[in-house]
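Computed from a predicted model, the values in this text were never measured in an experiment. The chains referred to below are lettered A, B, ... by the order of the sequence lines, with proteins before strands, and numbering in each begins at 1.
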There are 4 protein chains.
Amino acid sequence: MEGKSSRQEQALVRREQLVDTALALFSKQGYDATSIKQIAAAEGVAVGLLYHYFPSKSAVMRAIWERHSFLPELRALLLVEHNETAERVLRDVAERFSAMLAHKEALFRLMVRESQSNPEVADCLHTIVEEGIKALGAYLERRVHLGELRPHDTALTARTLLGTVLTTHLARLPIRPWAELVAQLLHGISRHSDHVRPGQD
Amino acid sequence: MEGKSSRQEQALVRREQLVDTALALFSKQGYDATSIKQIAAAEGVAVGLLYHYFPSKSAVMRAIWERHSFLPELRALLLVEHNETAERVLRDVAERFSAMLAHKEALFRLMVRESQSNPEVADCLHTIVEEGIKALGAYLERRVHLGELRPHDTALTARTLLGTVLTTHLARLPIRPWAELVAQLLHGISRHSDHVRPGQD
Amino acid sequence: MEGKSSRQEQALVRREQLVDTALALFSKQGYDATSIKQIAAAEGVAVGLLYHYFPSKSAVMRAIWERHSFLPELRALLLVEHNETAERVLRDVAERFSAMLAHKEALFRLMVRESQSNPEVADCLHTIVEEGIKALGAYLERRVHLGELRPHDTALTARTLLGTVLTTHLARLPIRPWAELVAQLLHGISRHSDHVRPGQD
Amino acid sequence: MEGKSSRQEQALVRREQLVDTALALFSKQGYDATSIKQIAAAEGVAVGLLYHYFPSKSAVMRAIWERHSFLPELRALLLVEHNETAERVLRDVAERFSAMLAHKEALFRLMVRESQSNPEVADCLHTIVEEGIKALGAYLERRVHLGELRPHDTALTARTLLGTVLTTHLARLPIRPWAELVAQLLHGISRHSDHVRPGQD
DNA sequence: TATGAATGAGTGTTCATTCAT
DNA sequence: AATGAATGAACACTCATTCAT
């Protein structure tokens, strides 16, 4: 089981350390404002070594996306039990999504930042968002069929839940317990919320 | 008697054109990735002329903020009539906020982008968000006292409305009619939304 | 006697002021490190106006030399009464040369500085020095013929006197009463020195 | 066993060559009028390499001072044998000082030039001059106590000797045998001067 | 694996100079 | 006489990248 020599292991470890160091710097200063020299210095190695592990600066960026992709984590997070109540599922998703954003803050900020100019990153972010909305929307659709929820624009609800959590982290607003958000989404804030809503058929 | 010679006027016009050109480029490529040379070339003037109007590259950025500040527009947008119904006011705010983001997309993207590394911009964005939440929250509070809305976390509702609109624009999702979002927020999506909601007192 | 219109007069005055301002700045910072913009700003006028009075930056430098030439002053200073005693003449020359250096310090420093790289200035300085040595040497030669001084290398004595005063100003050493220097020099070249000096015939 | 790889050695050699090249150019044209590009071209290397060895242009200047300091050489030159006669010591000092100025002409001219605007360099030059005067003055003082010389302003004599040599080099005057200067100075300060000098007590 | 010397195009910025007003 | 908008080459300095060791 020890399959790897310590040389190989060490090399892999170093590569991962370089990726992490680069992520931290890119996230704080931006990709353009971070130099290869800075990354090497932060890691305590010579500039040339970076080019031993990565063919270029943009390859370091790509390695970041590969190593720290949002998608698997997000997918796992959205694999909800369709038999659980909406309240529980929505609260769970909100809290886990929030926790993920907090945990991967550097990556998240880097993505938001670079997606404005890098189309590849923009696509990646777009996919993530759409997939999240689709998965959560599909679950909500099922709860509608089961009669727990009214017929409604489920994609919009998913967008509202995920978007609110995301905006909160992006703007560094205080993180409140997400149960309250879920409650508002489920039951509304109108005093007479039971009657037929106008503008919806 | 109009006080300005055509020479002075022309200079002011050129200054404003430079600011706009810089905004467009900064927004598309980012501040760091945009060179002074590019801005000058896009405007069809020599590099040195930029330094005749602005003492440095960062001063161009500052001129952008001064010329295109979000705040006044946002404040005007939040000066709502407190006697109007919540449905109408929320829909109005959502639509006008959405229109503003569409109209000032370049500036908005630049702010989001640079706020990640420029603390000054981050502060500015933070102020805008908090002010928006506060103003909209105050209105909602009043509707609660008037009995139109249930007692609830009004700041959270404001955050949800504005955050959802913002995320939609940020992620370039299709812009739906915002009335549906307002309806969901007001009345919820639960079939039995009339009874007392658990977890809220 | 009013021969000049006030416009012409004013223009001449402004020209002279510009030359003086330039001299002050060149002397303090050096010719290369001083910009046209700085000179204009120090005078409170627009850059273009400098080019109304002078065709180029180097022309400003030339105007300085023309306006503030050392030579006439130095020549006047060396027009000594050959019948006066050496002690009196040498003391007079030393004190007046020292006073001149103090009075025209800015010009003097500029000359020393620029003579290192500008051959024209170097020539000018060279001429001044040689002329000074020649004139003072001629006077000393006469005092030798009159029997007041021993036969000696009068050019060397002149060089010593002028060089010592010059070095003192250049190095910003304290200015002592120059009589003492003259006394020291004098009694080494006086006929009535104690005995025949070795190494001189 | 010699500790240094040829790579390291070569790097050190290159650094020193760059310093020397910079000294030659600075001395001829002045610090401000010499560009980094010129230095690199004169050495036949790329511009960037200069910044591999020095963090800035001014650091190149500092490296020049460190590598070619006058002080040690001047101090060695002033470590005279107090038992030797004044004639011999003064002649020795004058000749060795003159030789030093000839040998380090580039550095000497650079110092004089830049001391006019760079206070750090001015201080350095001032220290050198004062130290020289003090050391030579102390020696003369001793010869006074031994009765070889009359009581006199020894600092002034030192200033005269060093200043005359210095001025000669600065003004590119012909270098004469310094014995003659010493002879002139000496017989003005010898005890066996013919009579009490007026103006000194 | 790891170094750092070396490159040259690029950056933001300053400059002397011109010229329409 | 006086302004300041406009130019474009030059400046000090940084960068991603290469490669001999």
Side-chain angles (χ1 to χ4, degrees), chain A residues 7-8 10-11 14-15 32-40 43-60, chain B residues 5-8 10-15 32-40 43-60, chain C residues 7-8 10-11 14-15 32-40 43-60, chain D residues 5-8 10-15 32-40 43-60:
Chain A
R7 276 279 287 279
Q8 281 176 314
Q10 202 182 324
R14 170 137 289 175
R15 216 191 106 100
D32 292 304
T34 303
S35 71
I36 289 284
K37 208 175 177 181
Q38 264 182 299
I39 302 173
E43 190 69 19
V45 300
V47 202
L49 192 56
L50 255 136
Y51 284 85
H52 185 74
Y53 288 105
F54 310 96
S56 70
K57 188 184 178 184
S58 62
V60 178
Chain B
S5 78
S6 90
R7 191 116 167 281
Q8 282 176 312
Q10 208 179 319
L12 281 177
V13 166
R14 169 135 293 171
R15 215 192 106 102
D32 291 305
T34 303
S35 72
I36 289 285
K37 210 174 179 178
Q38 264 182 302
I39 302 174
E43 189 68 17
V45 300
V47 201
L49 190 57
L50 254 137
Y51 284 87
H52 185 68
Y53 288 105
F54 310 96
S56 68
K57 187 185 179 183
S58 63
V60 178
Chain C
R7 276 279 286 279
Q8 282 177 313
Q10 203 183 325
R14 170 136 290 175
R15 215 191 107 100
D32 292 303
T34 303
S35 72
I36 290 285
K37 207 175 178 180
Q38 264 183 300
I39 302 173
E43 190 67 19
V45 299
V47 202
L49 191 57
L50 254 136
Y51 284 85
H52 185 73
Y53 289 105
F54 310 95
S56 70
K57 186 183 179 185
S58 62
V60 178
Chain D
S5 78
S6 90
R7 192 119 165 279
Q8 282 175 312
Q10 207 179 321
L12 281 176
V13 166
R14 169 134 292 172
R15 215 192 106 102
D32 291 306
T34 303
S35 72
I36 288 285
K37 209 174 180 179
Q38 266 183 301
I39 302 174
E43 189 69 18
V45 299
V47 200
L49 191 57
L50 254 138
Y51 286 88
H52 185 69
Y53 288 106
F54 310 96
S56 68
K57 188 184 179 184
S58 63
V60 177

(request) Let me know, please, whether R14(B) or Q38(D) comes out on the 5' side of the other along DNA chain F by nearest nucleotide. (result) R14(B)
(message) When you measure from the side-chain N and O atoms of S35(C) to the phosphate of dT14(E), is any distance below 4.0 Å, counting only OP1 and OP2?
(response) no
(message) Give me the atom names and distance for the closest heavy-atom approach of Y51(B) to S56(B).
(response) CE2-CA, 3.9 Å
(request) Report the distance from atom NZ of K37(A) to atom P of dC13(F), rounded to the nearest whole Å. (result) 13 Å
(request) Check whether any side-chain nitrogen or oxygen of H52(A) sits under 4.0 Å from OP1 or OP2 of dT1(E), and answer yes or no. (result) yes
(message) Restricting to non-hydrogen atoms, name the atom on K57(D) and the atom on D32(D) that form the minimum distance, rounded to 0.1 Å.
(response) NZ-O, 3.8 Å
(request) Determine the minimum heavy-atom distance between I36(C) and L50(C), stating which atoms define it. (result) O-CD1, 3.8 Å
(request) For A46(C) and for T34(D), locate the closest nucleotide of DNA chain F by heavy-atom distance; then report the residue assigned to the nucleotide nearer the 5' terminus. (result) A46(C)
(request) Could you tell me whether the side chain of E43(A) and the main chain of A40(A) form a donor-acceptor pair under 3.5 Å? (result) no
(request) Taking the side chain as every heavy atom from C-beta outward, state whether L49(B) and R14(B) have any atom pair closer than 4.5 Å. (result) yes
(request) Round to the nearest Å and state the distance from Y53(B) atom OH to dA6(F) atom P. (result) 4 Å
(message) Quick check on DNA chain E: between V45(D) and A33(C), whose nearest nucleotide comes earlier from the 5' end?
(response) V45(D)
(message) Nearest whole Å is fine: how far is dC13(F) P from I39(D) CD1?
(response) 10 Å
(request) Give each stem of DNA chain F as a range with a range, requiring at least 3 consecutive Watson-Crick or G-U wobble pairs whose two distances are under 3.5 Å. (result) E:2-21 with F:2-21
(request) Please state how far atom CZ in F54(D) lies from atom C1' in dT14(F), giving the value in whole angstrom units. (result) 17 Å
(request) Side chain of L49(B) only, please: which of dC15(F), dA16(E), dA5(F) is the nearest? (result) dA5(F)
(request) Measure the shortest side-chain to side-chain distance between V60(B) and Y53(B) over non-hydrogen atoms and say whether it is less than 4.5 angstrom. (result) no
(request) Could you grab the distance from atom CZ of R15(B) to atom NE2 of H52(B), nearest 0.5 Å is fine? (result) 11.0 Å
(message) Rounded to whole Å, please give me the gap between CG in L50(D) and P in dG4(E).
(response) 19 Å
Report, one pair per line, the protein and nucleotides 17-21 of chain E atoms (nitrogen or oxygen only) whose separation is under 3.5 Å.
unit_1	atom_1	unit_2	atom_2	d
dT17(E)	OP2	Y51(C)	OH	2.8
dT17(E)	OP2	K57(C)	N	2.7
dT17(E)	O5'	Y51(C)	OH	3.4

(request) Grab the CG-P distance between D32(A) and dT11(E) for me, whole Å please. (result) 11 Å
(message) Rounded to whole Å, how long is the line connecting atom CZ of R15(D) with atom C1' of dG4(E)?
(response) 15 Å
